[in-house]
Amino acid sequence: MLRLHDSATGEVAPLALREPGKVSLYVCGPTVYDAPHLGHGRFSLVFDVLRRYLIFSGLEVTYVSNITDIEDKIIERAAERGITESELTAVYEGVWWDAMDALDVLRPDETPHATAYVERMVELVGDLLERGVAYETDDGVYLSVNEVPGYGLLARQSLESLRSGARIEAAEDKRSPLDFVLWKNAKPGEPTWDAPWGAGRPGWHTECVVMSLDLLGDGFEVHGGGLDLMFPHHENERAQAVASGREFARHWMHNGWVTVGGEKMSKSLGNFTSLSDLIDRSDPRAYRLLVLRSHYRSPIEVTPETVAQAEAGLARLDELARRFDLEDPLDQGPVLPGAVDSDAAGSAAVDGLATEAFVNHMDDDLDTAGALAVVFDLVRQANSAADAGDDAVAMQSARTAAVLVGALGVRLAGSDNGEIDDTAADLVRRRDAARAAKEWAEADALRAELEAAGWLVEDSAEGTRIRRR
RNA sequence: GGCGGCGUGGCCGAGUGGUUUAGGCAGGGGCCUGCAAAGCCCCGUACGGCGGUUCGAUUCCGCCCGCCGCCUCCA
């Protein structure tokens, strides 16, 4: 059984299901006012891996991740560009999904948009006002954190210590500096929606509260996001839910930072910050492997060097797929638990011990680095057995490696050698002839020519093989 | 000020109270190869510092040093 770290308790605990066999995840998605950066990529990959692993474990998974399409920054950015908010968000939502597809992140089962849920948010705020836990000011409606049981749970600090650390000016009409806005009263030029207490727009990520509870129901299993969302973003979501008498998420998961030079990545740093840049400059699978190589709660360094290391690891996996002519495990979507005991190719079944080791690592709060080590051990075993002529063992290890790596969402680029054009094909023919005639100088020259054209050249019993590099 | 995280061999990065050990990348030696490439085999004996607990600590405890993060809208 999967055990996960819970940000609310700081402890690793078994995933508690509402209903046997089913699990629901809500992951805070992007605010679409700009292109995604590496941090967005990381959380998407982390929770995609979780989702795939839950499916691999045999659970029926419902995965919801929102698009926040109304927010201060959206309004500002749209105004700067002289376009409407919806024009702006349409553009960046498109960029978002392109990046997700490139990373092989599965589309969520539902992707609710904040603007489609404003009515429900109005109901929630109305309910909170009725219950007397929220109050109106000239600016809007605020939640009174003193009325919320356990406020500070995710910050893991008491209300008192939070209050003492508050660096904001004790604002306007707020009763407590920690009270936060649920509804912002209308300002000229801003999008507004009607509400009984006055037109305006939603405040503190009320959409996540409404959408998660609407789509997944009370007490859904996992709520996740980046570490920076823990407080105050998620704290405030929880506060709204709890204050309205609802049971919110059972587990809170937060992934660590992407760092650059040891510091939290920020938009002003480095040129590797854009997710699209990374995808363009490197094998998109490299980022997944990079994310997988470290624990999801640890910071990761994304540098040209670490990306290159990941690509080198990928090359090793691809080489395995090529050697054993393995199918891409992702071709049929997420890898299902049946993959480990089926015998689809009519070849040896998978390595049970290795699979068990893999599962043990993953069940331990997603020790993907350990799980990956199991996979690489299998790669070596497969090659080693094949070198020794033990094809049955080799095939079993290779198949197991493919299934397990597929369970993590890593695609194998086995047989895709790139299109071999006529010029290259001709060079290959001439090289084979030269080699047959033992004209080594000529063969070497032809190899150099192929390499200069971007081909990776390998000799084999069947003759010269080339593929794109 | 409050709260939290981290410091592992050239690099990245797991893990553990003690028998052999992560794993990847890079590097050295070897096998294979016409030469390569790929693959395989062998090699580095690492855990910030100082104490403590212990038969024994990188792993537990304390202190120190260094780095990083959160404390109102940042994944």
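Each chain gets a letter, A, B and so on, in the order the sequences are listed, and its residues count up from 1. As the structure is a computational prediction, the values presented were derived from the model and not from experiment.
For Glu71(A), whose side chain is taken as the heavy atoms from C-beta onward, the closest listed nucleotide among C40(B), C74(B), C12(B) is C74(B). Comparing atom distances between the Arg323(A) side chain and each of G39(B), G2(B), G13(B) picks out G39(B) as nearest. Listed candidates were G24(B), A14(B), A75(B). Nearest to the side chain of Arg316(A) is G24(B). Checking C25(B), C74(B), G23(B) against every side-chain atom of Ala312(A), the shortest atom distance belongs to C25(B). When each of A14(B), C73(B), C40(B) is scored by its nearest atom to the side-chain atoms of Asp367(A), the top-ranked nucleotide is A14(B). For Arg447(A), the side-chain atoms get nearest to C35(B) when compared with the rest of C25(B), A75(B), C35(B). When distances are taken from the side chain of Asp444(A) to each of C73(B), G24(B), C35(B), the shortest belongs to C35(B). Across C41(B), A38(B), C73(B), the shortest atom-to-atom separation from the side chain of His205(A) is found for C73(B). Taking every side-chain heavy atom of Ala369(A) into account, G13(B) is the closest of G13(B), C71(B), A37(B). The listed nucleotides are C71(B), G34(B), C40(B); the one nearest the side chain of Arg435(A) is G34(B).
The base of A75(B) sits within donor-acceptor range of the side chain of His37(A), with an N or O pair under 3.5 Å. Looking at Glu305(A), its side chain has no donor and acceptor atom pair within 3.5 Å of the base of C11(B). For Arg163(A) and G1(B), a side-chain-to-base donor-acceptor distance below 3.5 Å is absent, hydrogens and geometry of angles not being considered.
At A14(B), one or more side-chain N or O atoms of Ser298(A) fall inside 4.0 Å of OP1 or OP2 (strictly under the cut-off). Under 4.0 angstrom from either OP1 or OP2 of C40(B) there lies at least one side-chain N or O belonging to Asn383(A). The phosphate of G39(B) (OP1 or OP2) has no side-chain N or O of Arg322(A) nearer than 4.0 angstrom.
Comparing the P positions of C25(B) and C42(B) gives a spacing of 15 Å, expressed to the nearest Å. Only the P atoms considered, C43(B) is 36 Å distant from G52(B), to the nearest whole Å. Rounded to whole Å, the separation between the P atoms of G18(B) and A36(B) comes to 44 Å. Spacing between C40(B) and U33(B) at atom C1', rounded to whole Å, works out to 13 Å. Using atom C1' as the reference point in both U45(B) and C31(B), the two lie 25 Å apart (nearest Å). For the C1' atoms, the distance linking A38(B) with C55(B) amounts to 50 Å, nearest Å. Look at the C1' atom in both U21(B) and G44(B): the space between them is 14 Å, to the nearest Å. Across C68(B) and C60(B), the matching P atoms stand 24 Å from one another, rounded to whole Å.
Atom CD of Glu301(A) is separated from atom P of G7(B) by 14 Å (rounded to the nearest Å). For His295(A) and A14(B), the NE2 to C1' distance is 11 Å, given to the nearest whole Å. Look at CG on Asp283(A): it is 19 Å from P on G24(B), rounded to the nearest Å. Note: OH (Tyr92(A)) to C1' (A75(B)) measures 18 Å, nearest angstrom. Between the CE atom of Met230(A) and the P atom of C74(B) there is a distance of 15 Å, rounded to whole Å. Atom CZ of Arg380(A) is separated from atom P of C25(B) by 12 Å (rounded to the nearest Å). Atom NE2 of His254(A) and atom C1' of C3(B) are 15 Å apart (whole Å). As a whole-Å value, the separation of Arg297(A) CZ from G5(B) P is 10 Å.
Taking 4.0 Å as the cut-off between side-chain N and carboxylate O, Arg380(A) and Asp377(A) count as a salt-bridged pair. Under 4.0 Å is where a charged nitrogen must lie from a carboxylate oxygen, and between Lys187(A) and Asp139(A) no such pair does. Of the charged side-chain nitrogens involved, at least one lies within less than 4.0 Å of a carboxylate oxygen, so that Arg411(A) and Asp328(A) count as a salt-bridged pair.
Contact check for Leu213(A) versus Phe248(A): side-chain heavy atoms found under the 4.5 Å cut-off. In this structure, Tyr26(A) and Val222(A) have side chains that are not in contact, with every pair of non-hydrogen atoms separated by 4.5 Å or more. Using a 4.5 Å heavy-atom cutoff, the side chains of Leu320(A) and Leu326(A) are in contact.
Using a 4.0 Å heavy-atom distance criterion, Gly256(A) is classed as a base contact. Using a 4.0 Å heavy-atom criterion, one finds that Glu319(A) contacts the sugar-phosphate atoms exclusively. Within 4.0 Å (heavy atoms only), Arg156(A) reaches sugar-phosphate atoms of the nucleic acid but no base atom. Residue contacts shown for Gly226(A) are limited to sugar-phosphate atoms, with no base heavy atom under 4.0 Å away. Counting non-hydrogen atoms under 4.0 angstrom, Asp179(A) reaches a base of the nucleic acid. Residue contacts shown for Arg201(A) are absent, as no nucleic acid heavy atom lies under 4.0 Å away.
Separation of the His234(A) and His254(A) ring centroids falls under the 6.0 Å cut-off.
Across all strands shown, C67(B) pairs with G5(B); the Watson-Crick or G-U wobble distances both stay below 3.5 Å. Of all nucleotides present, only G52(B) satisfies the Watson-Crick or G-U wobble test against C60(B), with each distance under 3.5 Å. The partner of G10(B) is C25(B), judged by Watson-Crick or G-U wobble contacts that both fall below 3.5 Å. G34(B) makes up no base pair with any nucleotide shown, lacking Watson-Crick or G-U wobble contacts both under 3.5 Å.
Counted by atom type alone, Gln240(A) and Thr206(A) present one or more donor-acceptor pairs between their side chains at under 3.5 Å. Neither side chain, Glu207(A) nor His113(A), offers a donor N or O lying under 3.5 Å from an acceptor on the other.
In this structure, Trp440(A) packs face-to-face on the six-membered ring of G34(B), meeting both the 5.5 Å centre cutoff and the 30° plane limit.
Taking the nucleotide of RNA chain B with the nearest heavy atom to each of Pro30(A) and Asp459(A), the more 5' of the two is matched to Asp459(A). Of the two residues contacting RNA chain B, namely Leu290(A) and Lys73(A), the nearest-nucleotide position lying further toward the 5' end is that of Leu290(A).
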